[in-house]
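All values below come from the heavy atoms of this structure, side chains included, with hydrogens, waters and symmetry mates left out.
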Amino acid sequence: QLLLLQLQPQLQLQLQLHLQQQQHQQQEDFGEPLRWLVHGGPGTGKSKHVLAIVKELFEKVLKWDMGVEFQMVALQAVMADLIGGDTIHHALGIPVFKRGEDTNNAANKQMEIAKRVLQWRWLIIDEISMVSAKLLAQVDMKLRSVVREIAIAKKGFRRRDRPFGGLNVLICGCLLY
């Protein structure tokens, strides 16, 4: 504050506003969301270990429910069924093919999906090697558009959208395919 007294009044005000803004950001910012990768060769048990973490930590300790606080997804229905999750397209409402769907019906469907997604804290994507870069970008854009602007996790330090709408993301799979 001694320094503030020696500055010109206009500079003093600017510095005070900057310091207040910085302090406010530090109080609001809980840090960056987690983005983890579990990878290894085929048959090394990646999905098995992720399922164990989900069961022990999310379900037993935190008492979280799949589809409410977290969502597990995979590209193919068979893989999604094996992990007890959903397909990426169904969970996020991303159309597989462009169809001429009734706009009211489509809007209602997207609203239901948005209500579900807003509750998620984690998104777990299994078999990432099967997911194209385009689909992963669609997932990112969908989550950024759905998560509310007022959510603390939505915006980063410089007020920019965070990847995946600020959700914690665990990606699992072999990147060598």
Enquirer: Does Leu51 share a hydrophobic cluster with Leu37, counting links as ILVMFWY side-chain heavy atoms below 4.5 Å and allowing steps through other members?
Expert: no
Enquirer: Judged by atom type as modelled, is there a donor-acceptor pair below 3.5 Å linking the side chain of Arg116 to the main-chain atoms of Leu92?
Expert: no
Enquirer: When you group the ILVMFWY residues by side-chain heavy-atom contacts below 4.5 Å and let the links chain together, are Val38 and Leu34 in the same group?
Expert: yes
Enquirer: Before you tell me yes or no, could you show the steps for Leu82 and Met79 under side-chain contact (heavy atoms from CB on, under 4.5 Å), namely the whole-Å CA-CA distance, both residues' side-chain angles and the distance that decides it to 0.1 Å?
Expert: CA-CA 5 Å; Leu82 286 174; Met79 290 308 303; 4.0 Å; yes
Enquirer: Applying salt bridge (charged side-chain N to carboxylate O under 4.0 Å, His left out), can you list everything that pairs with Glu112, at least two apart in sequence or on another chain?
Expert: Lys115
Enquirer: Quick check for you: to the nearest 0.5 Å, what is the distance between Leu170 atom CG and Arg35 atom CZ?
Expert: 13.0 Å
Enquirer: Would you tabulate the side-chain donor-acceptor contacts of residues 122-140 under 3.5 Å, counting partners in other chains and residues two or more places apart, or write 'none'?
Expert:
residue, atom, partner, partner atom, Å
Asp126, OD1, Ser47, OG, 3.0
Asp126, OD2, Ser47, OG, 2.7
Ser132, OG, Leu135, N, 3.0
Asp140, OD1, Arg144, NE, 2.9
Asp140, OD1, Phe164, N, 2.6
Asp140, OD2, Arg144, NE, 3.2
Asp140, OD2, Arg144, NH2, 3.3

Enquirer: Hey, could you give me the CD/NE2 distance between Gln76 and His89, rounded to the nearest 0.5 Å?
Expert: 11.5 Å
Enquirer: To the closest 0.5 Å, what do you measure between CD1 (Ile53) and NZ (Lys48)?
Expert: 13.0 Å
Enquirer: What's the verdict on side-chain contact (heavy atoms from CB on, under 4.5 Å) for Val54 and Phe70, showing C-alpha distance, side-chain angles and the deciding distance?
Expert: CA-CA 9 Å; Val54 164; Phe70 69 97; 3.4 Å; yes
Enquirer: So do Leu75 and Thr87 actually touch side chain to side chain, heavy atoms under 4.5 Å?
Expert: no
Enquirer: Should Trp120 and Ile171 be counted in the same cluster of Ile, Leu, Val, Met, Phe, Trp and Tyr side chains packed under 4.5 Å apart?
Expert: yes
Enquirer: Mind jotting down which residue pairs meet the salt bridge (charged side-chain N to carboxylate O under 4.0 Å, His left out) criterion with at least one end in residues 60-88? Sequence neighbours excluded, please.
Expert: Glu56-Lys60
Enquirer: Donor-acceptor pair, Gln110 side chain versus Gly93 backbone, under 3.5 Å?
Expert: yes
Enquirer: Side-chain contact test, heavy atoms from C-beta onward, threshold under 4.5 Å: evaluate it for Arg121 versus Trp64 and give yes or no.
Expert: yes
Enquirer: Using atom types as modelled and distance alone, determine if a side-chain donor or acceptor of Lys46 lies under 3.5 Å from a backbone N or O of Gly40.
Expert: yes
Enquirer: Is Ile113 linked to Met141 within one hydrophobic cluster, defined over Ile, Leu, Val, Met, Phe, Trp and Tyr using a side-chain heavy-atom separation of less than 4.5 Å?
Expert: no
Enquirer: Are Val50 and Val169 in one and the same hydrophobic cluster, where Ile, Leu, Val, Met, Phe, Trp and Tyr link if side-chain heavy atoms are under 4.5 Å apart?
Expert: no
